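The next block holds one structure in the form of structure tokens; read it before the comments.
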Amino acid sequence: MKFTRTAAVTVTAALALTIAGCAGEDSGSADGTTTVEFGIPTNMGANNSPMAVAQAMGYFEDEGLKVDIVVTGDSTSIVQGIDSGSLDIGSTPPEPIWQAMTKGSQLQLVYNYIRKQTGSLAVLDDSPITSLGDFEGAVIGQSSLGTSNMLLSEGILASADLTPDVDYSHLAVGTGAAALQALATGQVDALSLWDTEYAAFEAQGTPLRYFTTDEAASLFSTTYFTSSDYAADNAETIEAFGRAMAKATLFTATNPEAALRIMYEEYPDTLVAGNSIDDQLAIDLVALNRRLELLTADDPQDTASWGAYSESALAAWGTFALDSGIIDSEVDTVAAAPNTFVEAYNDFDADAVVAEAQNWSAE
């Protein structure tokens with residue numbers, strides 16, 4: 001089966017704010033296709049494979065969308081891009097969204113993508129760190145210093161009365177092999193990454209121990225969001241985007257190996273040099289299966305709740321963000337995610353998607 005995909009754009013954080021002027025001003029085309037500038041903070045990998053599925057299987061195209069992916073390298077740039085109008089929809093954990101809202105940004109959460117928390121602090125299994133208090137004096141490796149995971153780790157460590165840049169420090173180490181090497185060589189004492197990264201490290205033979213709090217572990221993670229104005233003016237586009245991603249997530253959950261093979265074809269640079277596809281697949285399947293537990297938590301297909309936020313989860317985020325010092329003033333997190341588009345997200349033929357996944361072949 002041969003696949004084509006819509007154009008994907010990879011830019012640095014600096015360029016993310018200047019792409020093609022203001023995307024929201026004219027996103028239509030002569031053939032009726034709507035272009036969506038979609039910002040993500042990390043490069044394509046097992047964690048983003050449903051996006052590759054949505055492109056390759058034509059789910060975006062079926063909805064009349066052309067999705068341009070803008071990789072910023074950090075979450076802060078995505079929030080800035082949504083604020084400026086250079087991005088239409090963004091993907092990030094909520095921490096920088098709440099921070100921006102305390103400063104006046106008019107933002108709306110529109111699709112609950114990763115329904116449980118992905119982030120935690122991790123150390124080598126033989127590390128002398130055995131409690132959150134032991135992180136005093138530690139250097140913590142972050143994918144970048146603009147990542148939402150840094151804010152989450154600071155919130156977790158605040159529960160042990162530890163203050164960043166006073167009791168511990170951060171160091172940007174990237175992801176993948178570079179991050180693992182920084183941990184293994186003692187350049188950092190711990191990592192603040194996410195589930196699929198940790199799963200890949202362990203699949204390659206590096207056992208880890210994890211630290212979080214009950215409060216942090218109860219929170220949802222990566223969410224899709226936009227500006228309040230874009231949400232009000234582009235309801236059908238948001239519904240179409242979310243419906244395509246619901247289909248793609250269901251496809252991926254049904255046949256994760258197919259999703260990864262699709263990703264390898266769509267994005268050949270996701271294959272690590274020197275690895276065979278089978279070797280890469282063995283590692284990536286471990287990571288993707290761990291992510292799928294979070295993507296499908298509470299059975300969104302059976303409950304028709306793809307993209308939905310629970311009021312209790314939103315309230316928990318508001319409490320955690322304020323108590324841990326992520327934000328310095330209250331945010332009405334419940335009002336920020338009104339579940340306006342959820343019914344439309346779930347309006348598709350699930351049986352057809354499952355059959356398509358089950359019958360998929362690379363031939």
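Since this is a predicted model, take the numbers as computed values, not measurements.
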Straight-line distance of Glu154 CD to Ile326 CD1, nearest 0.5 Å: 8.0 Å
Note, Ile140 side chain near Leu157 side chain (heavy atom, < 4.5 Å): yes
Rounded distance (nearest 0.5 Å) linking atom CZ of Phe320 with atom CD1 of Ile327: 10.5 Å
Co-membership, hydrophobic cluster, residues Leu250 and Val67, 4.5 Å side-chain: yes
Joint hydrophobic cluster, Trp360 plus Tyr59, side-chain heavy atoms closer than 4.5 Å: yes
Minimum heavy-atom distance between Ser91 and Tyr224, given as atom pair plus value: OG-CE2, 3.6 Å
Exercise answer: donor-acceptor pairs, residues 336-345 side-chain atoms, under 3.5 Å, sequence neighbours excluded:
unit_1 : atom_1 : unit_2 : atom_2 : d
Asn339 : OD1    : Tyr309 : N      : 2.9
Asn339 : ND2    : Tyr309 : O      : 2.9
Tyr345 : OH     : Val110 : O      : 2.6

Any donor-acceptor pair under 3.5 Å from Tyr230 side chain to Ile238 backbone: no
Sub-4.5 Å side-chain heavy-atom contact between Thr254 and Val353: no
Lys/Arg-Asp/Glu bridge criterion (N-O < 4.0 Å) met for Arg261, Asp278: yes
Centroid-centroid under 6.0 Å between Phe241 and Phe38 rings: yes
Sidechain-backbone polar pair: Glu197 side chain, Gly176 backbone, donor-acceptor under 3.5 Å: yes
Residues Gln108 and Ser228: side-chain donor-acceptor under 3.5 angstrom: no
Exam field: side chain Asn43 to backbone Val71, donor-acceptor pair closer than 3.5 Å: no
Exercise: identify the closest heavy-atom pair between Leu294 and Ile114: CB-CG2, 3.8 Å
Donor-acceptor contact below 3.5 Å, side chain Asp68 vs main chain Glu37: no
Distance flag, aromatic centroids of Tyr113 and Phe220, threshold under 6.0 Å: no
Ile97/Met101 under side chain to side chain contact (heavy atoms under 4.5 Å, CB included): CA gap, chis, key distance, verdict: CA-CA 6 Å; Ile97 299 175; Met101 291 178 69; 4.0 Å; yes
Thr296 vs Trp306 side-chain heavy atoms within contact, under 4.5 Å: yes
Donor-acceptor contact below 3.5 Å, side chain Thr33 vs main chain Gly64: no
Sub-4.5 Å side-chain heavy-atom contact between Phe225 and Val79: yes
Ser221 side chain vs Pro93 backbone, donor-acceptor pair below 3.5 Å: no
Flag, side chain of Asp189 to backbone of Ala138, donor-acceptor distance under 3.5 Å: no
Whether Ser127 side chain and Ile129 backbone form a donor-acceptor pair below 3.5 Å: yes
Nearest non-hydrogen partners of Arg115 and Ala297, listed with the distance: NE-O, 2.9 Å
Shared hydrophobic cluster, Trp194 / Leu285 (ILVMFWY, side-chain heavy atoms < 4.5 Å): no
Gln181, CD atom: more than 12 neighbouring heavy atoms under 6.0 Å: no
Pair Asp134, Thr130: side-chain N/O donor-acceptor within cut-off below 3.5 Å: yes
pair Gln142-Val188: side-chain heavy atoms closer than 4.5 Å: no
Between Ser159 and Glu215, a side-chain donor and acceptor under 3.5 Å: no
Heavy-atom pair with the smallest gap, counting every atom of Ser120 and Leu152: N-CD2, 4.4 Å
Residues forming a salt bridge (Lys or Arg N to Asp or Glu O under 4.0 Å) with Asp125, sequence neighbours excluded: Arg209
Residue pair Gln187, Val139: steps toward the side chain to side chain contact (heavy atoms under 4.5 Å, CB included) verdict: CA-CA 8 Å; Gln187 185 180 8; Val139 179; over 6 Å; no
Residue pair Trp317 / Val331, side-chain heavy-atom distance below 4.5 Å: no
Euclidean distance, Asn149 CG relative to Leu121 CG, rounded to 0.5 Å: 9.5 Å
Side chain to side chain donor-acceptor pair (under 3.5 Å) assessment of Ser77 paired with Thr72: CA-CA 6 Å; Ser77 296; Thr72 66; 5.0 Å; no
Transitive ILVMFWY side-chain link Leu281 to Ile283, under 4.5 Å: no
Met44 side, atom CE; Tyr267 side, atom OH - distance, nearest 0.5 Å: 4.0 Å
Leu151 and Gln99, any side-chain heavy atoms less than 4.5 Å apart: yes
Residue list, salt bridge (Lys or Arg N to Asp or Glu O under 4.0 Å) with Asp195, at least two apart or on another chain: Arg291
Separation of Met51 CE from Ile262 CD1 (nearest 0.5 Å): 14.0 Å
Heavy-atom side-chain contact between Phe60 and Met245 under 4.5 Å: yes
Shortest non-hydrogen contact from Leu208 toward Ala122: CD1-CB, 4.3 Å
Thr319 side chain vs Ala316 backbone, donor-acceptor pair below 3.5 Å: no
Spacing of CG belonging to Asp279 relative to CG belonging to Asp284, to within rounding of 0.5 Å: 11.0 Å
Joint cluster assignment, Leu288 & Val286, ILVMFWY side-chain distance < 4.5 Å: no
